[in-house]
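Counting starts at 1 for both ligands and their atoms, in listed order. One is the number of the first residue; the rest follow in order along the sequence. Here the structure is a predicted model, which is why all the values come from computation and not from measurement.
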Amino acid sequence: MTLQLTERDRAMLRGDEGAAKKMAMSIIIRMAEISKAEKLLDIVGAHIDSTVYIGDAGLEFAEKLASLGAKVAVPTTLNVSGIDEHHWQEWAVASEWANPAHRQMIAYRSMGTIQTWTCAPYQAPTKPAFGDQIAWGESNAIVFANSVIGARTERYPDLFDICCAITGRAPAMGLHLSKNRAGKILFRLVDISEELQKSDDFYPVLGNLIGKLALDKIPVIDGMTIRPTDDQFKAFGAGAASSGGVAMFHVVGVTPEAPTLEDAFHGNEPAQITDVTMDMLRESRQALNHSNSSKLDMVAVGCPHLSLVEYKKLASLVKGKSKHPDVQFLITSNRAMTQLAQEAGILSLLKDFGVKITVDTCSLTSPMLPPEIKKMMTNSAKHSYYSPGLLGRDVAFGSLEDCVNSAVAGHIVQDERLWKE
Ligand code: F3S
């Protein structure tokens, strides 16, 4: 089956709508042909991961598009940058890095995008609705959009996402199509207490486990007896999209395309059934702990970016406590949530405790950590998964409460009560 193009697609390809759309459409068509898509479809929004500065190639691509007059055709949010635009000098970022990273920000800003600079666009007012066709980059955002919202996006790579945004078109393939959104393998929660299901650290641990076992297949989770919060789903999806390539999941009776087990599998039989036990979860939690000592230099929370609800929870945990002077406490979030936290009157409380906040970026995408930071602690499966390789740092994993208690104690503290045999 050859790719069917509309007259408008052909016009963009000819350059009738400008050189930027011509370049973007030629890339989309090549990708559609490789993927054996039969046609392109309209999208109603995009989220651009190409904003992350990783070297000259991404910068050159962005500046080339900008120089051709590129403008996005649909509402388009931006993922993190390589720097906190207005505060990067407060960190260990070298100007040789900051300058090109900032040029990349300027290039994407010039295209008429929405200046979200966040990896959690699904917590912004511009988030998509059920059934919306979108083109999103950033693995944790993709899995949340598909699974929790029920919007439809493929796992778009950097550079391709902006091509979709400029043309408003994407190949009709993969998770854009109903037939490809069926669950493939079943995970049954066995004897997992409701108390543990309610706790925040359950979700990154479960996500890390499911990602490793599901890889890029769509997992269906059955047996959850509570409805997780958006932040818990965020932590789960980020974990599953890091240890595996999960772009969509279903939770039976909870997520919008899985009211029943049969719906989750579109009436098919699961290719594989796995019982998730406490032993498996304990092993997954242990795998997120890369640190073999209780020493601690920095606690890092906000991966994916901290929401207002999480800001409030953190404020309630630090109230009346003092941070140990030898431990730094880093929050990564975005401008919008930090502004809301400011308006809610909780930033001063957090700053009195001694937190430092960075926006627009994070410690995994910006070389911002000073060399004396060697031992870290996080409540994020994604942060824990990538830190040894990307940062070369030992990381311990714990709940948000563990992170606060550790920052107060000056060494790693982990509450084992919910995880005991
Ligand atoms: Fe976001 Fe950085 Fe984590 S981009 S998901 S805070 S690795």
Side-chain angles (χ1 to χ4, degrees), residues 47-54 58 77-85 88 91 93 97 101 104-105 108 115-124 136-145 147-148 155-158 161 200 203-204 207-208 211 230-247 288 290 298-307 310-311 314 329-338 355-369 373 376-393 395 397 400 403:
H47 180 69
I48 308 305
D49 190 43
S50 326
T51 49
V52 180
Y53 174 69
I54 49 173
T77 49
L78 299 179
N79 204 41
V80 296
S81 154
I83 52 165
D84 178 338
E85 185 173 26
W88 63 266
W91 298 92
V93 182
W97 171 280
Q104 195 156 311
M105 292 179 89
Y108 282 109
Q115 306 301 294
T116 47
W117 304 116
T118 187
C119 50
Y122 43 82
Q123 293 185 317
W136 276 23
E138 167 54 45
S139 62
N140 99 84
I142 292 162
V143 71
F144 192 100
S147 316
V148 184
R155 205 168 138 108
Y156 281 107
D158 287 11
D161 46 17
D200 289 347
Y203 293 90
N208 182 54
D230 278 3
D231 286 321
Q232 289 170 333
F233 272 136
K234 173 169 80 171
F236 172 78
S242 299
S243 61
V246 175
L288 293 173
H290 307 287
M298 175 182 269
V299 167
V301 301
C303 173
H305 276 174
L306 210 71
S307 69
E310 291 171 311
Y311 258 122
L314 183 59
F329 199 113
L330 170 65
I331 292 175
T332 49
S333 186
N334 53 61
R335 301 180 193 189
M337 291 297 155
T338 306
V355 306
K356 284 188 76 177
I357 299 169
T358 197
V359 296
D360 302 343
T361 189
C362 75
S363 59
L364 287 160
T365 53
S366 181
M368 59 183 283
L369 298 181
I373 303 297
M376 299 180 76
M377 183 172 193
T378 181
N379 63 341
S380 160
K382 180 169 182 174
H383 194 291
S384 176
Y385 184 84
Y386 285 118
S387 284
L390 285 178
L391 300 179
R393 262 90 172 182
V395 181
F397 171 83
L400 189 63
C403 287

Check: Is there a donor-acceptor pair under 3.5 Å between the side chain of Asn334 and the backbone N or O of Asp360?
Finding: no
Check: Is it true that Glu138 and Lys382 make a salt bridge, defined as a side-chain N closer than 4.0 Å to a carboxylate O?
Finding: yes
Item checked: Partners meeting side chain to side chain donor-acceptor pair (under 3.5 Å) with Tyr53 (sequence neighbours left out) -> none
Notebook entry, point to check: ring-ring contact (aromatic ring centres under 6.0 Å, His included) with Phe397: which residues, sequence neighbours excluded?
Noted result: none
Next item on the list: Using ring-ring contact (aromatic ring centres under 6.0 Å, His included) as the criterion, list what pairs up with Tyr385, not counting sequence neighbours.
Entry: none
Item checked: Among Thr118, Val301, Leu306, the one residue meeting side-chain contact (heavy atoms from CB on, under 4.5 Å) with Ser333 -> Leu306
Checklist line | Atoms of type N/O/S from protein, distance to atom 1 (Fe) of ligand 1 below 2.8 Å | finding: 1
